[in-house]
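In what follows, a structure is listed as structure tokens, so that the remarks can point back to it.
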Amino acid sequence: MNSTLIAWILRAVPFGTIIMYGALGEIVTEKSGNLNLGVPGIMYLGGFAGFASAYLYENAVAEPNYLLCVLLALVCAFLAAMAGGLIYSFLTITLRANQNVTGLALTTFGMGVANFFGVFILNGRTATQSLVYRAFQTKMPVLSGLGALGQTVFGYGFMVYAAIALAVALHFFFTRTRAGLNLRAVGENPATADAAGVSVARYKYLATCLGAGISGLGGLYYVLDYNQGIWATTGQIEALGWLAVALVIFTTWKPLNAIWGSYLFGALYWLYQFMPSLLGWSLPGYVTDLIQMLPYVVTIIVLVVTSLHKRRENQPPASLGLAYFREER
Amino acid sequence: MTPYAIELHHITKTFGSVVANRDVSLAVNKGEILSLLGENGSGKTTLMNMLSGIYYPDEGEIYVEGERVEIRDPKDAYALGIGMVHQHFKLIDVFTALENIALVLDAHERYDLKAVREKARAICERYGFVIDLDQKVYEMSVSQKQTLEIIKMLYRGARLLILDEPTAVLTPQETERLFAVLRAMRADGKSIIIITHKLHEVLEISDRVSILRKGEYVGTVETERATEDSLTEMMVGRKVELNIERPLSSERHLRLSVHNLSVQSADGVRVLDGVTFDAYSGEILGIAGISGNGQKELLEAIAGLQKTLPDSSVLYYPDDDRDSSAEQLIGKTPRDIRDMGVHLSFVPEDRLGMGLVGSMGMTDNMMLKSYNEGGSPIADRSAPRKLAEEIREELDVVTPSIATPVSRLSGGNVQKVLVGREIAATPTVLMTAYAVRGLDINTSYTIYHLLNEQKQRGVAILYVGEDLDVLVDLCDRILVLCGGKCNGVLDARHTTKEEIGLLMTSLKQGKGGDQR
Amino acid sequence: MTAKHETAREPLIRVVKRTSMSAKGKLGVRLAAVLLALLADAAFIFLVTGLNPIAVYRTMFSGTFGTSLRFSWAMRDLASLLLIGIALAPAFKMRFWNIGAEGQVLMGALATATVMIYCGDTLPAPLLFAAMLLASVAAGALWGFIPAWFKARFSTNETLFTLMMNYVAIQIVACCVNIWRGQASGLGKLNMRTKAGWFPQIFGQRYTINLIVVVALTVAVFCYLRYAKQGYEIAVVGESENTARYAGINVGRVVVRTMILSGALCGLTGFLIVGGRDQTISTGTAGGNGFTAIIVAWLAKFNTFTMALISFLLIFLEKGAGEIASAYNLNDYASDIIAGIILFFILGSEFFINYRAVLRGHGHQEVRK
């Protein structure tokens with residue numbers, strides 16, 4: 001296999017994994033009828049909390065435990081992101097605040113918290129040498145050494161495979177389980193779900209909080225693997241968060257589509273760096289900026305095409321964005 | 001004595017300042033069909049929603065098989081064996097029938113679609129339902145959806161089944177089939193409450209009848225001892241002597257000639273099918289039919305709000321001499337029609353969702369159709385304000401101020417605002433859809449009076465109504481719609497409710513066409 | 001049966017919709033929300049830094065009111081935020097979720113910068129400004145028109161569409177900046193030598209024009225929405241499309257027209273930011289104000305004067321947080337946290353305006369009305 005192509009794949013897959021987590025979490029959330037535009041903020045929260053907890057633990061203990069370190073990072077990222085989801089849930093479900101506005105406020109808040117404490121606690125240090133970084137970077141032994149195929153298929157940290165497993169699990173959850181059926185019903189038509197005895201508020205809370213937790217893992221993966229264990233207070237996570245929202249539309253709310261969709265987005269995003277050399281072209285630097293807009297353009301096209309076709313299976317959950325109040329007349 | 005299947009004691013429910021149910025008590029035996037009878041807006045549905053856990057009563061107690069219970073949400077209702085088929089079906093459109101059934105599984109039951117399918121099949125066989133369990137709901141007909149709803153409830157183990165106006169959307173044959181199923185269920189020991197306001201159905205299907213009037217409980221009678229007259233009397237409170245005037249107007253000219261008017265719904269159904277009739281000035285043309293048989297589409301198509309199929313024609317005659325200057329209204333938008341100088345007023349069925357803007361006050365609602373007059377980019381509010389004051393004065397609209405959002409007014413006052421505005425536009429054609437729905441007797445008479453005034457002014461009036469007594473007494477002629485087709489035009493002075501009722505429920509073969 | 005025993009109780013709290021609330025009551029609820037939020041913020045500051053919150057608030061106060069220069073900077077930033085909020089008002093009043101202000105502002109800014117760069121040396125000043133203005137308004141309007149047309153024609157979801165358009169705009173700007181800066185690390189001030197296309201200084205500041213425009217637009221858009229026929233159409237369409245059709249309003253046309261207006265005003269904001277504030281352009285020119293302004297517009301219920309108040313509150317917080325940051329050696333991001341907390345409280349407070357809770361056993365009070 002061409003070495004450029006291999007490098008491209010090695011770049012696209014981790015990139016895709018970040019937004020796959022973000023999108024999978026948002027799919028769970030949106031299936032309950034909540035359009036959470038706080039994904040970027042939530043990913044910030046997850047990334048920061050997971051990174052900071054592992055970092056502090058390693059520096060506080062003389063001989064930190066490898067496994068505990070990884071677990072701590074995962075759990076803290078999940079919990080912190082869930083806390084963000086909880087704020088959103090409380091405001092939009094219990095207090096019936098507008099979902100779009102609450103989500104945007106959450107993005108501001110999450111970004112603020114992560115960056116404020118990020119600088120405050122970490123003070124610009126990195127964790128490149130740390131255990132947790134190594135843990136996230138560890139590739140599959142033996143298999144990843146098996147030539148081009150081994151490299152492109154097995155050459156990633158465990159989070160990449162966990163994301164695929166999660167997407168498959170979510171697919172089964174939505175189609176084969178009672179809770180999945182109930183959740184879809186809540187997002188399609190809360191009044192009907194309610195009449196069927198499904199607790200709408202509980203499903204919305206759980207889906208939104210767990211969804212936020214999943215999205216938060218994307219932030220963690222970004223910091224610990226993709227960004228090589230460096231906490232950077234840049235706007236990069238924000239852009240990735242919006243890309244995750246875009247991916248949700250692209251998948252037409254189906255988790256399995258998120259697997260290839262996210263890698264496609266990753267490939268499109270990195271197209272500028274590898275495509276020219278693959279084809280033997282040389283592109284001026286500014287064109288790369290234009291190529292980077294491709295994921296968004298593709299999303300817009302998907303959005304337009306689905307609205308043209310109006311196939312019922314490809315539409316957003318019918319009650320997306322609306323608050324539910326049983327006694328509304 | 002065996003306890004009742006369900007008992008309601010002194011139930012009261014209010015919405016804001018509106019009392020929907022006041023001190024209602026009633027009871028249902030095991031293995032009986034009870035009809036809950038009442039006019040539109042008498043609180044039947046609200047009462048039943050408290051049994052199914054959609055609403056929670058403000059006051060009162062509920063007993064199931066002799067034990068006091070609280071029904072806080074639909075889950076509680078299911079646990080108690082209460083299942084309700086709502087008028088607007090509670091189905092998930094993108095789910096299959098099977099998935100919709102699985103949605104009501106008891107939490108303790110194992111989630112196994114195969115087992116669900118088996119059990120659902122068994123229920124279908126037992127009561128004779130025919131349904132494709134793998135069909136998506138959005139591909140189903142109304143009667144299929146209703147069947148699915150009933151299967152759902154039986155699956156969940158309902159011992160008391162509540163049906164909210166189940167026949168409103170069914171053909172006579174489908175109704176018969178439904179009734180056969182209900183009888184089979186009664187024989188099976190289940191209790192059934194059926195909400196309706198159709199008397200012949202009440203007499204046909206039920207064992208006892210409970211009557212509500214304006215949110216209050218009137219009484220319960222054995223069906224065997226009831227007649228249409230006695231039930232009507234209980235329902236409306238006194239013998240129906242409507243005493244609506246029907247003045248004769250001097251002039252009568254052709255005003256509107258509707259020919260072959262057809263409308264197709266989004267799912268490809270011909271909801272209005274080749275309707276042809278004439279409307280005359282100085283005449284009230286009543287339009288009767290079971291709700292959902294094309295009334296809405298008919299009026300909206302004339303008003304320029306519905307896309308019509310080719311060959312549809314609505315000719316408007318501005319002057320009294322025929323043919324000379326007829327104008328085609330089909331293909332025009334409401335604004336085009338207005339710009340042509342046609343004064344077409346329309347009181348739609350959905351008052352706050354179409355006729356008025358709920359969040360705006362009377363003044364701003366007055367200018368809804370006229371705001372664009374004059375060349376200035378600034379909207380003139382002084383004339384609308386004056387008009388609002390006038391209407392408030394003349395029609396006794398009860399409102400804190402003409403700036404108060406009309407959604408906060410009571411139903412009757414909302415309708416006065418809407419009718420007042422439409423009449424103030426000096427119409428030559430006035431169309432009203434369910435103009436007195438949900439209104440008290442006094443306001444209803446105010447509306448009848450206003451319509452008669454307009455008739456004598458030489459306005460051609462189309463009156464879509466549901467109360468046959470009113471149609472017979474108020475209108476000059478009555479057009480009956482059935483399945484989107486014109487099923488006959490009757491002279492209101494020489495017809496009976498029975499004749500209209502028959503035309504509403506059974507389509508005359510091959511006579512959908514010319515009915516001038 | 002156990003189910004019965006479990007359920008034989010009235011729920012503890014039920015939520016009931018309010019019929020109405022007096023203006024005083026509404027103001028009270030909102031003031032209480034802001035006060036509570038300030039308390040929560042104080043608690044946050046104290047817990048994190050151990051500083052006396054009152055002293056911190058005093059420092060915050062000086063962030064905006066400390067010196068006249070600080071105040072004028074606050075006004076400058078207020079102008080940018082408020083302008084976008086005003087631009088969004090017509091779209092939001094129509095219930096069109098224009099999340100794309102960020103992109104529309106950027107496109108306006110980009111058009112302005114393009115004119116400055118390519119015509120700065122050739123056009124005389126008045127013509128240059130006219131060209132900048134026209135180009136920016138057209139670019140913003142185009143960015144508003146695209147999603148609106150699809151919404152009107154195919155009812156394509158506008159929230160997601162406009163959101164995506166932001167990033168398309170950002171990449172276009174990045175591309176152009178990349179071209180213009182050439183080998184330099186950044187794009188400095190445009191036309192540094194000639195100052196062509198820079199707003200003239202009035203009262204010592206270039207952004208004075210921005211302030212004048214924002215005041216004028218606050219009044220103009222308020223009047224447009226309240227008194228103009230088009231404003232009335234927007235209100236009707238926002239309330240109910242069915243009613244709008246019934247009234248003879250061409251809904252699609254109003255949607256497209258209003259979004260062109262909203263986009264054009266965003267474009268105008270881009271023009272003012274580039275000409276009057278930054279004299280340069282980057283992907284951060286809108287600085288997230290496009291998103292914050294959405295919250296401003298929504299909270300103000302589309303009343304431009306209320307927007308001015310809310311914008312001021314947010315800018316005050318931002319400046320205050322910046323001041324704390326430099327005084328106590330923290331960082332600027334504190335302002336995002338503080339603003340976030342305040343927004344959460346205000347958003348949550350709306351609930352108490354629209355609904356009220358009924359405690360167990362108090363239900364019958366309703367009946368006696």
Side-chain angles (χ1 to χ4, degrees), chain A residues 35 37 41 87 90-92 94-98 100-102 104-120 233 235 238-239 242-243 245-246 248-249 284-293 295-297 299-300 303-304 306-308 310 316 320-321 325 327-329, chain C residues 14-17 48 97 99 146-147 150-151 154-157 159-161 163-180 283-284 288 291-292 294-295 297-299 321 330-341 343-344 346-352 354-355:
Chain A
L35 177 63
L37 292 181
I87 294 175
F90 180 69
L91 286 171
T92 61
T94 303
L95 297 184
R96 296 174 196 134
N98 180 278
N100 291 344
V101 178
T102 308
L104 291 174
L106 180 60
T107 287
T108 305
F109 178 75
M111 221 154 75
V113 168
N115 284 328
F116 178 80
F117 289 103
V119 177
F120 203 57
T233 49
E238 194 192 349
W242 294 127
L243 207 52
V245 175
V248 174
I249 306 162
Y286 54 83
V287 179
T288 64
D289 294 312
L290 286 184
I291 294 175
Q292 279 184 318
M293 84 168 64
Y296 303 103
V297 175
T299 302
I300 289 175
L303 199 57
V304 170
T306 51
S307 71
L308 277 179
K310 301 244 180 292
L320 189 62
F325 180 38
E327 299 204 2
E328 198 85 66
R329 293 237 311 186
Chain C
R14 287 182 300 122
V15 171
V16 182
K17 198 153 193 176
V48 171
W97 280 98
I99 312 282
I146 296 170
F150 280 100
K151 167 84 174 179
F154 307 115
S155 54
T156 309
N157 183 321
T159 314
L160 302 169
F161 201 133
L163 182 66
M164 294 303 116
M165 290 292 279
N166 285 332
Y167 280 84
V168 177
I170 286 177
Q171 294 303 333
I172 294 176
V173 170
C175 168
C176 294
V177 169
N178 214 330
I179 296 172
W180 291 330
T283 51
F291 291 113
T292 313
I294 292 163
I295 305 173
W298 173 260
L299 289 180
L330 301 172
N331 66 63
D332 281 352
Y333 292 104
S335 75
D336 284 345
I337 302 177
I338 291 174
I341 290 175
L343 292 175
F344 290 150
I346 301 180
L347 280 167
S349 74
E350 293 293 310
F351 173 81
F352 299 96
N354 295 320
Y355 302 91

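Order of the sequence lines sets the chain letters (A, B, ...), proteins ahead of strands, with each chain counted from 1.
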key: Within-4.5 Å side-chain heavy-atom neighbours: C/F291 and A/T108   = no

request  = Quick one: closest heavy-atom pair of A/L303 and C/F161, and the distance?
outcome  = CD2-N, 3.5 Å

query = Quick one: does A/V113's side chain get under 4.5 Å of C/Y333's, heavy atoms only?
reply = no

ask   = Can you name the closest pair of heavy atoms from C/F351 and A/T94 and give their distance?
value = CE1-O, 3.5 Å

task = Walk me through it: do C/F150 and A/L308 pass the test side-chain contact (heavy atoms from CB on, under 4.5 Å)?
result = CA-CA 10 Å; C/F150 280 100; A/L308 277 179; over 6 Å; no

message = Shorter than 4.5 Å, heavy atoms on both sides: which option in A/T306, A/T299, A/V304 has the most such pairs with chain C?
response = A/V304

ask   = Between C/I341 and chain A, which part of the residue has a heavy atom less than 4.5 Å away: side chain, backbone, both or neither?
value = both

ask   = With a 4.5 angstrom heavy-atom cut-off, which part of C/L163 approaches chain A: side chain, backbone, both or neither?
value = side chain

query = What closest approach, in Å, do C/C175 and A/L290 show between heavy atoms, and which atom pair accounts for it?
reply = SG-CG, 3.6 Å

query = Measuring heavy-atom distances to chain A, does C/L343 have an atom under 4.5 Å in its side chain, in its backbone, in both, or in neither?
reply = side chain

remark   = Closest non-hydrogen atoms of A/D289 and C/Q171, given as atom of the first, atom of the second and distance, are O-OE1, 2.9 Å

task = Specify whether A/W242 and C/Y167 have parallel, tilted or perpendicular ring planes, treating 30° as the upper limit for parallel and 60° as the lower limit for perpendicular.
result = tilted

inquiry  = Taking side chain as everything from C-beta outward and backbone as N, CA, C, O, which of these in A/L104 sits under 4.5 Å from a heavy atom of chain C? Side chain, backbone, both or neither.
reply    = both

query = Which bit of A/L106 comes within less than 4.5 Å of chain C, counting heavy atoms only: side chain, backbone, both or neither?
reply = both

message = If I compare all heavy atoms of C/L347 with all of A/A105, which pair ends up nearest, and what's the gap?
response = CD1-CB, 4.3 Å

query = For A/I87, is it the side chain, the backbone, both, or neither that has a heavy atom closer than 4.5 Å to a heavy atom of chain C?
reply = side chain

message = Are C/I294 and A/N100 packed together at the side-chain level, in the sense that at least one heavy-atom pair is separated by less than 4.5 angstrom?
response = no

query = Yes or no on side-chain contact (heavy atoms from CB on, under 4.5 Å) for C/N157 and A/I249, after CA distance, side-chain angles and deciding distance?
reply = CA-CA 10 Å; C/N157 183 321; A/I249 306 162; over 6 Å; no

key: Contacting region of A/T102 [heavy-atom separation from chain C under 4.5 Å]   = both

request  = Please report the shortest heavy-atom distance between A/N98 and C/W97, naming the atom on each side.
outcome  = ND2-CZ2, 3.1 Å

ask   = Does the pair C/E350 and A/L95 meet the rule for a side-chain contact (heavy atoms from CB on, under 4.5 Å), with working shown?
value = CA-CA 8 Å; C/E350 293 293 310; A/L95 297 184; over 6 Å; no

inquiry  = Assess the residue pair C/I337 and A/F109 against the criterion (side-chain contact (heavy atoms from CB on, under 4.5 Å)); give the C-alpha distance rounded to whole Å, side-chain angles, the decisive distance to 0.1 Å, and a yes or no.
reply    = CA-CA 5 Å; C/I337 302 177; A/F109 178 75; 3.8 Å; yes

query = How long is the gap from CE on C/M164 to CE on A/M293, to the nearest 0.5 Å?
reply = 13.5 Å

key: Contact class of A/L320 relative to chain C, heavy atoms under 4.5 angstrom   = neither

